[in-house]
Amino acid sequence: MPTHARARAEANLGVVTRQQLLDTGTTPSVIAALVRAGELRVLRRGAYCLGETWEAAEPYVERPRMLARAAVATMHRSWVLSHDSAAHELGLSILTPPEPVVHVTRPGYSSAWTRDGVARHYARFQPRQVAQVGGMRCLDVARTVADIGRLRGELHAMVAMDAALEMGVTRAAVEEAMAAMDFYPGIVAARLGVGRARLGAESVAETLARDLLQVLGFDDIDLQFPVRTRSGRIYWADLRVGNHLVEVHGVLKLRPVSDGGLADRPADDVAREMQERASLISARRLGISDLWWKDVRGPGRQLAGLRLLRDIATTCDRYGPTLHPELAEEAERIRAAHPRRRTPGTLGA
C-alpha cells in the first residue's frame, strides 16, 4: 500500500474513505487490487480499513469504533455519535446489545430509522452535551447513559450508570440530562436503572452479579469488601452479603496476556491461587462463591442464582446472618488506608 495512504488510514483507527485514498494519489485500480489482496477491507460503500487492523481488533469495542468512523466519514450531514457508538468512543463500558449497529444523532423531531447498519436518531440536545473525543464528535457520557437506558431498558441503564460513576460522572449529571425527557419513550426504565447504580462496580460482570443478587432478594450488598487473611494479605471481594463474599471472574482472568488476557501465568496456577484464596478467606469465618460471565448473563443465570442461594444459606448457618463486628471494623480501617486501590482484574494486594 502507498505510504501516504497507509498513514492517512493509521491516523483514524485504520479507517479511510475512497476519496481520501484518491487524494493521496492512490488510483481506483490500485484500490481494487488492495481490496482483492486483503490489505484493504470494505466496511461500507466508499469506506475501507486496513485489513491487518481489522483482523487484530477485538469485536466488542474496537471493530464497532471502526464501523462508526466509516459511517460518519461517508455521511453528508452533520451527525454526532450517540448511544453505543458514543459509549465506545468515550470509554464507557456498556452491556453489548444483541444486534450492534452504529448510532448517530442530529437535532430534529422525525422518527428514528435504521439502514445499512446505521441507526439514525433525531432528538434535541444542547451544544454543551457534545464532546470531542479522538477527532470524533459524540454526545457526552451523561446523555449517552440516558439514551442507552431509554433505548434498551433498566439493566442496560444500570450497567452504563455504574460505569459512568467509575469515570467520575455524577448521578445528578445524568438526571439533568434526563430532565428534558419526561415524555420520551423508555424514560421510566432509564430512570429506574440509573437509580439502582452504585459506585464500586469495576466491570459489567460485577454489575450483572449485583443485579442477580438483588433479583434473589438481597438488598444490603457491599461492594469491594476488603478482608485481611492470616498471612497478612488483603483480598478485595467484588460483593458481600452478610458473611458471604461473591467474586466475579471474566474469561480474561484465565487468558494469557499474549492473547489479550490478564493471566501472566498458566491457567492452572491461577485456578490454584483461587482455591488458596478461598481457604484463607474461609479461615476468617466467611463464605465465598465464584461467578463467571456465563453465570450472570445468559441461560446459566438461573442455575447460578440457585447455587448462590444455597451457598449463602450455608454460610449463614455456619457464621450467622450478619457480618462480625471485628471484620466490619477491620474493613473500615483497610478502606481508610487503601481507598479504591484495586484495578479491575486483580485478585488481591
Side-chain angles (χ1 to χ4, degrees), residues 1-24 26 30-75 81 83-104 116-119 132-138 144 163 167 202-205 249-267 270 292-294 297 343-346:
M1 178 180 294
T3 303
H4 289 167
R6 174 175 287 277
R8 191 68 181 262
E10 289 177 344
N12 191 34
L13 296 183
V15 177
V16 64
T17 65
R18 181 179 181 83
Q19 186 58 55
Q20 289 169 339
L21 289 171
L22 294 173
D23 290 344
T24 65
T26 309
V30 170
I31 294 173
L34 291 170
V35 171
R36 287 195 300 271
E39 291 189 53
L40 281 180
R41 180 187 180 93
V42 179
L43 295 184
R44 60 187 304 107
R45 184 184 178 93
Y48 311 84
C49 72
L50 299 176
E52 60 194 32
T53 304
W54 178 266
E55 292 301 323
E58 55 83 25
Y60 302 108
V61 175
E62 294 174 356
R63 287 185 178 179
R65 287 183 68 198
M66 296 166 72
L67 290 170
R69 286 169 183 251
V72 170
T74 54
M75 289 180 175
L81 295 179
H83 300 75
D84 311 345
S85 300
H88 296 324
E89 285 295 329
L90 294 163
L92 177 72
S93 297
I94 60 171
L95 189 56
T96 302
E99 296 181 4
V101 296
V102 174
H103 290 269
V104 293
D116 298 331
V118 179
Q132 189 86 15
V133 183
M136 302 296 293
R137 296 173 67 244
C138 56
T144 297
M167 296 174 67
E202 295 181 332
S203 70
V204 172
H249 310 286
V251 294
L252 295 181
K253 185 169 288 187
L254 295 179
R255 183 180 299 169
V257 173
S258 59
D259 293 336
L262 298 168
D264 55 3
R265 52 203 181 284
V270 176
W292 299 83
W293 180 261
K294 63 181 178 62
R297 187 69 172 168
T343 56
T346 58

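All heavy atoms count here, side chains included; hydrogens, waters and symmetry mates do not.
- Taking both residues in full, the closest heavy atoms of Pro64 and His88 are given as CB-CD2, 3.7 Å, listed atom of the first, atom of the second, then distance.
- In the model, Tyr48 has a side-chain atom that pairs as donor or acceptor with a side-chain atom of Arg18 under 3.5 Å.
- Pro97 has its side chain within reach of Asp84: a pair of non-hydrogen atoms, C-beta onward, lies under 4.5 Å apart.
- In this structure, the side chain of Thr144 does not engage the main chain of His83 through any donor-acceptor pair within 3.5 Å.
- With respect to Glu89 and Arg65, a salt bridge is recorded, a charged nitrogen being found less than 4.0 Å from a carboxylate O.
- Two residues are said to be in side-chain contact when any heavy atoms from C-beta on lie closer than 4.5 Å; Gln19 and Asp23 meet this criterion.
- Summarising the geometry, atom OG1 belonging to Thr53 is positioned 10.0 Å from atom CD belonging to Glu62; distances are rounded to the nearest 0.5 Å.
- Using a 4.5 Å heavy-atom threshold, the side chains of Thr17 and Leu21 count as separate.
- Between Ile31 and Leu22, the closest side-chain pair of non-hydrogen atoms falls below 4.5 Å.
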* Test Val118 against Val101 for side chain to side chain contact (heavy atoms under 4.5 Å, CB included), laying out the working first. => CA-CA 6 Å; Val118 179; Val101 296; over 6 Å; no
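- Across Met66 and Ala57, no two heavy atoms sit closer than the pair SD-CB, 4.0 Å.
- The shortest distance between side-chain heavy atoms of Val35 and Arg41 does not fall below 4.5 Å.
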* Show the numbers, then the answer: is there a side chain to side chain contact (heavy atoms under 4.5 Å, CB included) between Leu67 and Trp54? => CA-CA 10 Å; Leu67 290 170; Trp54 178 266; 4.1 Å; yes
* To do: Check the pair Leu90 / Cys138 against side chain to side chain contact (heavy atoms under 4.5 Å, CB included), numbers first and verdict last.
  => CA-CA 8 Å; Leu90 294 163; Cys138 56; 3.9 Å; yes
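- Crowding of Glu99 atom CD: a count of heavy atoms from other residues, nucleotides or ligands under 6.0 Å not exceeding 12.
- Smallest separation of non-hydrogen atoms from Pro2 and Leu34: CD-CD1, 4.4 Å.
- Between Arg6 and Leu50, some side-chain heavy-atom pair lies under the 4.5 Å cut-off.
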* To do: Given side chain to side chain contact (heavy atoms under 4.5 Å, CB included), test Arg137 with Leu81 step by step and report yes or no.
  => CA-CA 6 Å; Arg137 296 173 67 244; Leu81 295 179; over 6 Å; no
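- With sequence neighbours left out, the side-chain contact (heavy atoms from CB on, under 4.5 Å) criterion links Val204 to Ser93, Leu95, Val159, Leu208, Trp293.
- The closest side-chain heavy-atom distance from Thr26 to His4 is not below 4.5 Å.
- When atom types are taken as modelled, the side chain of Arg63 and the backbone of Glu58 share no donor-acceptor pair closer than 3.5 angstrom.
- Between the CE atom in Met136 and the OG atom in Ser85 there is a gap of 8.5 Å [rounded to 0.5 Å].
- Without hydrogens or angle criteria, Glu55 side chain to Glu52 main chain gives no donor-acceptor distance under 3.5 Å.
- With hydrogens and angles disregarded, a donor-acceptor distance shorter than 3.5 Å links the side chain of Thr74 to the backbone of Ala70.
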